[in-house]
> 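This is the structure, below, for whatever I ask next.
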Amino acid sequence: MSTHAPQAAQAVTLPTTLDEAVAALTAMPAAVPVAGGTDLMAAVNSGQLRPAALVGLGKISEIRGWQYLDGHALLGAGLTHARMGRPDFAALIPALAAAARAAGPPHIRNAGTLGGNIASAAPTGDALPVLAALEATLIVAGPGGARREVPVSHLLAGMDVLRPGELIGYVRVPLLHAPQVFLKATGRTGPGRAVASVALVLDPARRGVRCAVGAIAPMPLRPLDAEQWVAQLIDWDNNRAIVPEALSAFGEYVAAACIPDAAPGEDGTAPPLPPAVLHLRRTVAALARRALGRALS
């Protein structure tokens, strides 16, 4: 949270349970929920946002931890990046822990939360491609104790939105017990801010590869054809072996799927991509290649 108080806020409510928070948001439709406040308070301090009321989520202990449930990890939306970056969490979901450790400087990691990363849906959110690759599901709390499940990809794509009074309570993530990798390339646009990121997880039980590319589009991109193609080349019965050439080809496949060539003009020829776009495509290809190589090593 910023040390600057939001001058226009007329009320601050500090519930201690998820249902109390939902009730407060239902009673005050103009209220804005705030947990770590890394995005919200920046908008307030810059004058871009003047909330009429705030509902603080910091005292809701039930969403600040995790538990095991039917082969899944049920993660509280209030988990901070710093907490997810610790070794015990890294043993549970390695890629999400790696993304949390890369989320920015210490004050951001100490304040920013998993639920906030999802709700703000900033393209550069480091947790988002990991959750997309893991095919995570959100458990949304609503008025009257209601709970509903939403695939995280649906929320990020705008296919499903949070309704008035609803809050993200938990994130359900399958425990694959297999290698997971998160890599990102940063630029000069901010501390630790990704210009491209790749999350890759192996699913040995289904003999599958799942990959998501972040930061290059409004939402994480899943190159499904590339996933299916490379999964067929992996020798799942022989230490997950793969020929080296397939790693490079996979990187190029992912990059071309996420950053396609320009559409052909009237004469049937496609104009060349701008140098900056070509550089971004090469960056995505390198990240995807390295991620798969590390997961299979």
Side-chain angles (χ1 to χ4, degrees), residues 32-33 35-43 46 48-49 77 81 95-96 98-100 102-104 108 112-138 140 149-163 166-168 171 173 182-201 210-227 251 253-263 273-288 291:
V32 176
T38 54
D39 290 328
L40 174 66
M41 298 312 297
S46 66
Q48 297 177 353
L49 181 65
H81 300 304
L96 193 54
I108 295 294
T113 63
L114 178 61
N117 213 216
I118 299 168
S120 62
T124 54
D126 291 317
L128 304 185
V130 179
L131 296 175
L134 289 169
E135 297 182 346
T137 300
L138 307 178
V140 177
E149 297 190 15
V150 179
V152 68
S153 58
H154 287 194
L155 184 71
L156 297 177
M159 298 167 60
D160 203 336
V161 297
L162 294 180
R163 302 162 187 166
E166 287 189 330
L167 280 173
I168 299 171
V171 182
V173 176
F182 171 79
L183 298 174
K184 78 175 184 178
T186 59
R188 298 179 180 179
T189 55
R193 192 177 298 275
V195 296
S197 61
V198 168
L200 187 139
V201 300
R210 299 209 292 269
C211 176
V213 179
I216 67 170
M219 60 170 288
L221 304 177
R222 287 279 304 275
L224 299 177
D225 289 343
E227 294 176 358
Y253 201 160
V254 169
C258 296
I259 307 175
D261 292 329
L273 293 174
V277 177
L278 285 174
H279 177 70
L280 183 60
R281 181 192 269 187
R282 288 193 293 268
T283 299
V284 171
L287 291 175

> Any idea which heavy atoms bring Ile216 and Ile259 closest together, and the distance?
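Closest pair (atom of Ile216, atom of Ile259, distance): CD1-CG1, 3.9 Å.
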> Quick check for you: to the nearest 0.5 Å, what is the distance between Lys184 atom NZ and Thr124 atom OG1?
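These two atoms lie 8.0 Å from each other.
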> Would you name the heavy atoms of Ser197 and Pro129 that are closest together and state the gap between them?
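Result for this residue pair: OG-CG, 3.6 Å.
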> Calculate, to the nearest 0.5 Å, the distance between atoms CG and CG belonging to Leu162 and Leu155 respectively.
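It comes to 5.5 Å.
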> Are any non-hydrogen side-chain atoms of Val152 and Met219 less than 4.5 angstrom apart?
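A side-chain contact under 4.5 Å is absent here.
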> Can you tell me how far CG of Leu287 sits from CZ of Arg282, rounded to the nearest 0.5 angstrom?
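One gets 13.0 Å once the value is rounded to the nearest 0.5 Å.
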> Find the distance between CG (Leu138) and CG (Asp160) and round it off to the nearest 0.5 Å.
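Going from the CG atom of Leu138 to the CG atom of Asp160 covers 9.5 Å.
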> Restricting to non-hydrogen atoms, name the atom on Ala103 and the atom on Asp126 that form the minimum distance, rounded to 0.1 Å.
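For Ala103 versus Asp126, the nearest heavy atoms are CA-OD2, 3.2 Å.
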> Which heavy atom of Arg281 sits nearest to which heavy atom of Asp261, and what is that distance?
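In this case the closest contact between Arg281 and Asp261 is NH2-OD1, 2.8 Å.
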> As a quick check of understanding, evaluate side chain to side chain contact (heavy atoms under 4.5 Å, CB included) for Leu114 and Leu131, giving each step before the final call.
CA-CA 10 Å; Leu114 178 61; Leu131 296 175; 4.1 Å; yes
> Where do Ala95 and Phe182 come nearest, in terms of heavy atoms and distance?
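Of all heavy-atom pairs spanning Ala95 and Phe182, the closest is O-CB, 3.6 Å.
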> Which heavy atom of Ala257 sits nearest a heavy atom of Pro223, and at what distance?
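Closest approach of Ala257 to Pro223: CB-CB, 4.1 Å.
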> With distance as the sole test, does Asn117 use its side chain to make a donor-acceptor pair with the main-chain N or O of Ala127 at under 3.5 Å?
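A pair under 3.5 Å: yes.
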> Given the rule in the side chain to side chain contact (heavy atoms under 4.5 Å, CB included) test, do Leu134 and Val130 qualify, once you have shown the distances and angles that lead to the verdict?
CA-CA 6 Å; Leu134 289 169; Val130 179; 3.8 Å; yes
> Please determine whether side chain to side chain contact (heavy atoms under 4.5 Å, CB included) holds for the pair Leu128 and Ile118, giving the CA-CA distance in whole Å, both sets of side-chain angles, and the decisive distance to 0.1 Å.
CA-CA 7 Å; Leu128 304 185; Ile118 299 168; 4.2 Å; yes
> Donor-acceptor check, side chain of Arg210 to backbone of Leu200, threshold 3.5 angstrom: yes or no?
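No: the side chain of Arg210 does not pair with the backbone of Leu200.
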